[in-house]
A.B. asks: 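Mind having a look at this structure? Questions to follow.
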Amino acid sequence: MHQSRLAGFIIDCQTDDLQGAAAFWSAALGMPRQEFPPPEGAQYVKLLDPLGHLNIEVQAVAHPSRVHLDIETDDIEAEVRRLEALGARRVAQVKTWWVMEAPTGQRFCVVALTAPAVPADRA
């Protein structure tokens, strides 16, 4: 059985000023910024969770601003199929992850596991 969990939140900002947006969210949330190297740095700025539990990023986007969450998994295809069985639909594949839409309209992403595996007692 594959394992999945909440990876974090992405703050989508429809803006030409990613650094300004990241500065706002950094100050608002009390989280220091960390720049990504190119080419990711042109689209993303990481906000450092003081507890190190969540991946939080500010992302420059072309669509209206919103917040979306990422579900992290050790088997992307299996997790996407599980979520489809629950009523979600695939919207687009981006690089190695899937953008999904919940039956209630919220968008979210299914991404590869980046942190250590989920403990067996939480699976």
Side-chain angles (χ1 to χ4, degrees):
M1 176 76 174
H2 73 279
Q3 298 180 6
S4 303
R5 63 176 166 209
L6 175 66
F9 297 91
I10 311 301
I11 303 168
D12 295 340
C13 300
Q14 187 178 33
T15 182
D16 292 327
D17 182 12
L18 176 61
Q19 293 306 317
F24 169 80
W25 285 108
S26 173
L29 300 175
M31 295 178 166
R33 291 179 281 169
Q34 179 181 23
E35 304 297 321
F36 284 102
E40 289 85 7
Q43 188 173 2
Y44 302 94
V45 175
K46 185 174 185 72
L47 301 181
L48 299 174
D49 172 11
L51 299 177
H53 295 231
L54 295 173
N55 178 56
I56 301 171
E57 296 174 8
V58 178
Q59 174 181 217
V61 296
H63 60 71
S65 296
R66 61 183 177 220
V67 173
H68 79 262
L69 60 88
D70 284 353
I71 295 174
E72 185 176 68
T73 182
D74 61 1
D75 187 333
I76 292 175
E77 187 58 31
E79 180 63 3
V80 166
R81 285 193 310 269
R82 184 184 78 84
L83 294 164
E84 286 175 320
L86 295 172
R89 70 177 187 86
R90 296 177 200 227
V91 174
Q93 188 168 21
V94 179
K95 299 181 184 179
T96 61
W97 63 90
W98 274 97
V99 177
M100 304 286 294
E101 185 173 278
T104 50
Q106 292 90 351
R107 297 271 173 107
F108 60 96
C109 294
V110 179
V111 303
L113 190 70
T114 58
V118 179
D121 65 342
R122 291 188 48 216

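For the single chain, residues carry numbers from 1 onward in sequence order. Since we're looking at a predicted model, the values are computed, not measured. Atom set for the values below is all heavy atoms of this structure, side chains included, hydrogens, waters and symmetry mates excluded.
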A.B. asks: Side chain of Asp70, backbone of Gly8: donor and acceptor closer than 3.5 Å?
C.D. replies: no
A.B. asks: Please report the interatomic distance CE(Met100) to CZ(Phe108), rounded to the nearest 0.5 Å.
C.D. replies: 5.0 Å
A.B. asks: For the hydrophobic clusters of this structure (ILVMFWY residues joined by side-chain heavy atoms under 4.5 Å, transitively), does one cluster hold both Ile11 and Val45?
C.D. replies: yes
A.B. asks: With sequence neighbours left out, write down each residue that passes side-chain contact (heavy atoms from CB on, under 4.5 Å) with Leu54, or none if nothing qualifies.
C.D. replies: Leu6, Phe9, Asp49, Ile56
A.B. asks: For Cys109 and His68, which heavy atoms make the closest approach, and how far apart are they?
C.D. replies: SG-NE2, 3.6 Å
A.B. asks: If hydrophobic clusters are built by linking Ile, Leu, Val, Met, Phe, Trp and Tyr wherever their side-chain heavy atoms come under 4.5 Å apart, do Leu69 and Leu47 end up in the same one?
C.D. replies: yes
A.B. asks: Run through the side-chain heavy atoms of Ile, Leu, Val, Met, Phe, Trp and Tyr, join any pair under 4.5 Å, and report what else lands in Val99's cluster.
C.D. replies: Phe36, Tyr44, Val91, Val94, Trp97, Val111
A.B. asks: Quick check on the hydrophobic clustering: are Ile76 and Leu86 connected, directly or via other members, by side-chain heavy-atom contacts under 4.5 Å?
C.D. replies: yes
A.B. asks: Filter on side-chain hydrogen bond (donor to acceptor under 3.5 Å, both in side chains), then keep only pairs touching residues 25-42, sequence neighbours left out; what's left?
C.D. replies: Gln19-Glu35
A.B. asks: Who passes side-chain contact (heavy atoms from CB on, under 4.5 Å) against Ala21, sequence neighbours left out?
C.D. replies: Cys13, Thr15, Val58
A.B. asks: Give me the atom names and distance for the closest heavy-atom approach of Gln59 to Leu18.
C.D. replies: C-CD1, 4.2 Å
A.B. asks: Is there a side chain to side chain contact (heavy atoms under 4.5 Å, CB included) between Lys46 and Asn55? Walk through the geometry before answering.
C.D. replies: CA-CA 8 Å; Lys46 185 174 185 72; Asn55 178 56; 2.5 Å; yes
A.B. asks: Would you find a donor on one side and an acceptor on the other, under 3.5 Å apart, between the side chain of Thr73 and the backbone of Gln3?
C.D. replies: yes
A.B. asks: Kindly give the heavy-atom pair with the smallest separation between Ile71 and Ser4, and that separation in Å.
C.D. replies: CG2-CB, 4.0 Å
A.B. asks: Could I get the full list of salt bridge (Lys or Arg N to Asp or Glu O under 4.0 Å) partners for Arg89, not counting sequence neighbours?
C.D. replies: Glu101
A.B. asks: Supply the atom-to-atom distance Leu113 CG to Glu72 CD, rounded to the nearest 0.5 angstrom.
C.D. replies: 4.5 Å
A.B. asks: Which atom pair, heavy atoms only, marks the closest approach of His2 to Ala78?
C.D. replies: ND1-CB, 3.5 Å
A.B. asks: Excluding sequence neighbours, so at least two apart, what forms side chain to side chain donor-acceptor pair (under 3.5 Å) with Thr104?
C.D. replies: Gln106
A.B. asks: By salt bridge (Lys or Arg N to Asp or Glu O under 4.0 Å), which residues pair with Glu79, not counting sequence neighbours?
C.D. replies: Arg82
A.B. asks: Who pairs with Arg66 by side-chain contact (heavy atoms from CB on, under 4.5 Å), at least two apart in sequence or on another chain?
C.D. replies: Asp12, His63, Arg107
A.B. asks: Just to verify, what does Gln93 make a side-chain contact (heavy atoms from CB on, under 4.5 Å) with, not counting sequence neighbours?
C.D. replies: Trp98
